[in-house]
There are 2 protein chains.
Amino acid sequence: MKSNHKGGIAIMKEKNKRNVLRCVKENGPISRSEVADQLHLSKPTVSALVEELLQENWLKEVGPGSAGLAGGRKPIQLVFNSRAAHVIGIDMGGTKVRTGICDLIGQPLAVDEFPTQTQKKTLLKALKQNVDKLLKNAALKPDDILGMGIGAPGMTDADRGVVIDAPSLSWSQYPLKKEAEALFPWPVMVDNDVNVAVLGEQWLGAAKGMKHVVLISIGTGVGCGMLINGQLYRGATWAAGEIGYMVTDMAKARSADLPPPHEGYGFLEQYVGGAGIVQSMKQEMKGQPEPLFPNNFSAKDVFQKAKDGDQAAVRVIDEVIDHIGFAVANMISIINPEVVLLGGGISRSADWFLPRIQKTIQDFASVSAPVLPTALGENLGVVGAVSLVLRETESVLKEL
Amino acid sequence: MKSNHKGGIAIMKEKNKRNVLRCVKENGPISRSEVADQLHLSKPTVSALVEELLQENWLKEVGPGSAGLAGGRKPIQLVFNSRAAHVIGIDMGGTKVRTGICDLIGQPLAVDEFPTQTQKKTLLKALKQNVDKLLKNAALKPDDILGMGIGAPGMTDADRGVVIDAPSLSWSQYPLKKEAEALFPWPVMVDNDVNVAVLGEQWLGAAKGMKHVVLISIGTGVGCGMLINGQLYRGATWAAGEIGYMVTDMAKARSADLPPPHEGYGFLEQYVGGAGIVQSMKQEMKGQPEPLFPNNFSAKDVFQKAKDGDQAAVRVIDEVIDHIGFAVANMISIINPEVVLLGGGISRSADWFLPRIQKTIQDFASVSAPVLPTALGENLGVVGAVSLVLRETESVLKEL
DNA sequence: TGGTTAGTTAGTAAAGATGCCTAACTTAGC
DNA sequence: GCTAAGTTAGGCATCTTTACTAACTAACCA
């Protein structure tokens, strides 16, 4: 048994080992020798650590590569075993829950979804069933699972795994991590859906490998996840990124023809969120004799009408895009990110309005930054949740 | 000679040593035994490290404390030697340069200032002279100096120590670190003045010990420094915190009666910066028969008139404060800091307008945060620059 | 063409250095 | 004698260096 060196030397070995693992993972097939060079470790040390990693199945040898130009022994190529473990990602939305099992490089082996239940108990039961099915589909056993990540649609205390407030699910102070861990035999991590999304995009999407990323998600509500110095930034009280409350028009904010703030929606949200768009459209239609829409319509419908050229809809959407443009410009001036990603329902129409947003940035922001739609599509939440688990698990290797 | 263990075991010893040092520094007089307990290190290890730290003069023994209730040998009390080294801090402003020498706990031993020269060469020469004087006044030799920090009024590449752009000094791509290090026999670190200020306030001022801090400085220009996860956040291209470009009123931003953006000033800056206030006041005075001010007046004068109750001035200042309120509210919604500090010339009038800003936050921000004036007064820049050096020097001990 | 030799690189083994821990001891006060 | 602070001695884990073997290329020569 290992001695209980608390602040001890064993930590360093663990660190070196993780570094070796990461080095192999990132640099594809690579020899022990080259790993030693890259990590500034001696060859024997690397050999010993690789030996352990092979034993533990994190690495595989894939036969000899080719020798260098100047001759010499052929190197033994090492590769990361992306199937050494698997991670489950859960994207818990207001209307549906998307689930998936991924390997260690984020490849989905099985995905599924089911409608969100309003009762917490039934929701968890459905989740359990669904995950069991997923395991069967992927031909995996619980032992193969390293952990499970969950993206929840609301403010979340990621340390304790408590969803502090999720209006769309009527959750408040719900200890999701604890409840889920009672149901599953692996560790569970929970975070805000937007935070999870930005992790996913930084791992495998449009912000791959970047250190400073802002993701703005515009759908029913408006949210924003930030990656700063390569780390998720969650704020002092888990409330960072509430861009939905950004005021881009003081005069309007102060005027009386808007509902008072703090009834669950912020200023920007009132303009660019789904409900806000519908509201504005209704307002716009008042002056017109013939209703453009039936009684029930969605923001998506308004977008469609605007694309089709209807003037009233265009006016509404133009204002939405204008607000988004200024919100993005403000974020760029404050955060100076490498990239701004636009996600949520609105990202489907990205091509259409991105140029206008870019113009606003160019005119009003202090510096520039590319604005792109998210790249991971419908699996974004799942992949992000998987990334959450992997980062937390490997968090020891944060420093070089 | 030490073997060149690169990724080696020596790093851990260094870390433990720094932890011991920090432990003694933070926990006042303390015995070896208690340090061992707190850091989960063994007594012999602590003794050895303390021995080295005593040799190197970082620690001092201050005679025996009192024995415990149950008897036993009296502990030997250790204290941090705050005079083991000294650091020079330079606050380089647009009109004057403030200099100071501090000990390791931020106590100023000598401070001074001199007018800013427009010529770089003469400025550096004056700096050299002034620092030499400072050393003499503090009765120190160059060997006693650990390093020098400089806060520069503009966008700064802190890695290379290059001031990228400082309009008030007409500097562009100026390698200040390199130039200064040619003049002085110690390492020099350079950063933005607002970044330096937030470090200072977090060290010894109004944000002591906090991990998430926003400092907004409003004077000639408008700047913002952010401490996130306990670390300075500088952005992808050293441009983070350009709050002067935040747009809080889209309609006005688009209207034609303002100068076009990107002539060196951002939207918010045009309203709340010194020049902007003067401009607004002039605009306001046009309608009035009798001029309130002589031809030349400053933002400070306008503030004074407003405090005295002049209606035109009050209108101008009210708008300024309104803009600031929304800017602060937006920052809080986005960053969710533990505290927002207000610095720069405007902080003198803090008492007067803080309540209104707080009202705006309460009405429009997603969460709350205290808003306070900076606490370090005229030495803020100097102390912050000292802090910059100390953090960089001790950066190894960032993790617990 | 085919064999031999020199040079180069991958990986392993043994020995030395460093730093931590535990256990036992000394010191100093009750 | 009891207790707690601090030191000494011995052992263990980890890394590095040095020296080695294995394996391959290139070039030379019969």
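Reminder, nothing fancy here: chain letters follow the sequence lines and each chain counts from 1.
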- Protein-nucleotide distance (A/His40, atom NE2; D/dT17, atom P), rounded to Å: 13 Å
- Between atom CG in A/Leu49 and atom P in C/dG11, what is the gap in whole Å? 14 Å
- Message: List the residues meeting side chain to side chain contact (heavy atoms under 4.5 Å, CB included) with A/Lys43, not counting sequence neighbours, and say none if there are none.
- Response: A/Ser33, A/Ala36
- Message: Strictly by salt bridge (charged side-chain N to carboxylate O under 4.0 Å, His left out), give each pair with a member in residues 44-64 of chain B just once, sequence neighbours left out.
- Response: B/Lys13-B/Glu52, B/Lys17-B/Glu52, B/Lys17-B/Glu56, B/Arg32-B/Glu61
- Message: Looking at A/Asn16, I'd like to know whether one of its side-chain N or O atoms comes within less than 4.0 Å of OP1 or OP2 on D/dC15.
- Response: yes
- Message: Whether B/Arg160 and B/Asp157 form a salt bridge (side-chain N of Lys/Arg under 4.0 Å from carboxylate O of Asp/Glu) is what I want to check.
- Response: yes
- Message: Rounding to an integer number of Å, can you tell me how far A/Lys13 NZ sits from D/dC12 P?
- Response: 16 Å
Name the pairs: protein N/O against N/O of nucleotides 5-7 of chain D, kept only if under 3.5 Å.
unit_1, atom_1, unit_2, atom_2, d
D/dA5, OP2, B/Ser33, OG, 3.4
D/dA5, N3, B/Arg73, NH1, 3.4
D/dG6, OP1, B/Ile76, N, 2.5
D/dG6, OP1, B/Ile76, O, 3.4
D/dG6, OP2, B/Arg32, N, 3.1
D/dG6, OP2, B/Ser33, N, 3.0
D/dG6, N7, B/Lys43, NZ, 2.6
D/dT7, OP2, B/Ser47, OG, 2.5

- Task: Could you name each residue pair satisfying salt bridge (charged side-chain N to carboxylate O under 4.0 Å, His left out) that touches residues 78-87 of chain A, not counting sequence neighbours?
- Result: A/Arg83-A/Asp103
- Item | Whole-Å distance separating the CD atom of B/Glu14 from the P atom of C/dC20 | 11 Å
- Query: C/dG19 P sits how many Å from B/Asn19 CG, rounded?
  - Reply: 16 Å
- Kindly write out the residues that satisfy ring pair (Phe, Tyr, Trp, His ring centres under 6.0 Å) with B/Trp186, not counting sequence neighbours, or none if the list is empty. B/Phe184
- Message: Whole angstroms only, please: what is the CD-P distance between A/Glu61 and C/dT12?
- Response: 8 Å
- Message: If you compare every side-chain N and O of A/Thr45 against the phosphate oxygens of D/dT16 (OP1, OP2), does one of them come in below 4.0 Å?
- Response: yes
- Item | B/Leu39 CG - C/dC20 C1' separation (whole Å) | 14 Å
- Query: Can you list every pair that meets salt bridge (charged side-chain N to carboxylate O under 4.0 Å, His left out) and has a residue in residues 229-238 of chain A, with sequence neighbours left out?
  - Reply: A/Asp191-A/Arg234
